[in-house]
Amino acid sequence: GGAASVVLLPDGRLVSCTPSGRVALWSAVHGGAPLAEAEIEGLFRSFYLCAVLPDGHRVAIAVNGRTRAPSSIVVWDTRDVLQVARRAIDFGDSSQSSALAALPSGHLAVGFFTNGALLIVDVDAGAVLATLVGHSDAVAVLAALPRTGPGTGSGRLASACGDRTVRLWDVDARVCVATLAGHTVCVNSLVVLPDGRLASGSSDGTVRLWDVGRYVCVGVLQGDTGTHALVVLPGSNRLAGVSYDDVLQVWDWDTHEATGGAPRLSVKLAGAEADALVVLPDGRLATGGGRGVRLWQVPLPLDAAQAPM
C-alpha cells in the first residue's frame, strides 16, 4: 500500500506510515520487504504523519479520525517492533493534525489543518504544554531550528502555512519572533541548510533561502514546478526537492546568483507518486507515497563548483 510519511532513523533504517493504519520498518540498504510491521491502534483512522523523537528509536505518529473524530499522537518503539503503537495523547476536539516536528527538548510540535494553531506536546506525560497561535490557514510543515547557544529548552521552530508565510517561533518563550513573507502561494516544505539558513518551498515554483537571524530572504531558487518536499544532499552544496507531479529538482544553494537560481538537474521519478522525500546517508533518495516506499539513485552533475558526494 501507499506510504503517507517516511522518516529516517539514526541507524539508517526507514519507518513509514500508511493511510490504512500500518507502520513499517525498512532496510534502506537492501530494500525489499519490510523488516517488521505493526498496526496502529484504533479503527477508522487516516492521514498519518511521523517524526523521529530525539532518542532516535521512538517514532511519533499523528493519526486523524476519518469522520472528524479527534486526532491523536501514538508512539512506536522500534526496539520492540511487535508492540502495537501506544497512544500518547488524544486531542479533545475535532482538529485534524497536519504537521509534526520533534524538538531538541524531546517535546513534539504539532500543526493543524483547521485553525492554523501549533501545539507543543510532551508525549511521555501525555500533555499539551503550550499553544502557539498566529497562522490564518492550515499548517503545512514544521522544522526545528538549530539552537543558537547552550541550553536544554525546545529552542526555535519554523512553521509554513497555506497563508503563504513562514513563521519563526521562540518555543520556550511561546512567541512568534518573525513572519517571513515573499511566497505568493502556499508554502509546503522546509529544510534547514548546514550553514543555519532555512529553505522554504512553495507551490509558486520557487524555493526561498532565509537568514533566520536577520529575518530576511537572501536568495530565490527558481523551479519548473512547485516543490512540496525538500532535502539537503549529504557532502555537497545541493538542495533537492520533489513536486506533486514527481519531478525531482536539484539546486546549488551557494551559487544560485551565478546560475540565476535555476536547477542543476530536473528529472522525473516515474511512478513515485511521492508525498515524502528522505535522503539516505549514501546519497540515495527514498520517496513515500501512493506507490509505497521507493529507493532512487539519482545521477547528479558534478563540476568545479560542486563537492563530490
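The basis for the numbers below is simple: all heavy atoms, side chains too, and nothing from hydrogens, waters or symmetry mates.
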Can you check whether [X] reaches [Y] side chain to side chain, under 4.5 Å on heavy atoms?
X: Val15; Y: Trp76; result: yes
X: Leu239; Y: Val207; result: yes
X: Val171; Y: Arg156; result: no
X: Thr165; Y: His135; result: yes
X: Gln249; Y: Leu265; result: no
X: Leu277; Y: Leu285; result: yes
X: Val141; Y: Val187; result: no
X: His57; Y: Leu9; result: no

Quiz item: What distance separates Leu157 CG from Arg167 CZ, expressed to the nearest 0.5 Å?
Solution: 12.5 Å

Quiz item: What's the spacing between Cys17 SG and Ile61 CD1 if we round to 0.5 Å?
Solution: 4.0 Å

Quiz item: Is it true that the side chains of Asn188 and Ser203 contain a donor and an acceptor less than 3.5 Å apart?
Solution: yes

Closest heavy-atom pair and its distance - [X], [Y]:
X: Pro234; Y: Leu280; value: CG-O, 4.0 Å
X: Ala109; Y: Leu142; value: O-CD1, 3.5 Å
X: Gly12; Y: Ala28; value: O-CB, 3.2 Å
X: Glu37; Y: Ala24; value: CG-CB, 3.9 Å

For residues 210-220, tabulate all N or O donor-acceptor pairs below 3.5 Å that involve a side-chain atom, not counting sequence neighbours.
residue, atom, partner, partner atom, Å
Trp210, NE1, Ser200, OG, 2.8
Asp211, OD1, Gly213, N, 2.9
Asp211, OD1, Arg214, N, 3.0
Asp211, OD2, Arg214, NE, 2.9
Asp211, OD2, Arg214, NH2, 3.4

Under 3.5 Å, side chain of [X] to main-chain N/O of [Y], donor-acceptor pair present?
X: Asp204; Y: His183; result: no
X: Asp122; Y: Leu129; result: no
X: Asp170; Y: Val175; result: no
X: Ser243; Y: Val247; result: yes
X: Ser97; Y: Ala62; result: no
X: Thr206; Y: Arg208; result: no
X: Asp252; Y: Asp254; result: no
X: Asp163; Y: Ser136; result: yes

Exercise. Report the C-alpha distance between Leu108 and Ile73 in whole Å, list the side-chain angles of each, state the deciding distance to 0.1 Å, and finish with yes or no for side-chain contact (heavy atoms from CB on, under 4.5 Å).
Key: CA-CA 10 Å; Leu108 188 71; Ile73 300 294; 4.0 Å; yes

Quiz item: Near Arg13 CZ, under 6.0 Å, is it more than 12 heavy atoms from other residues, nucleotides or ligands?
Solution: yes

Quiz item: Is it true that Asp124 and Arg58 make a salt bridge, defined as a side-chain N closer than 4.0 Å to a carboxylate O?
Solution: yes

Practice problem: On the 0 to 90° scale, with breaks at 30° and 60°, tag the Tyr244-His228 ring pair as parallel, tilted or perpendicular. | Solution: parallel

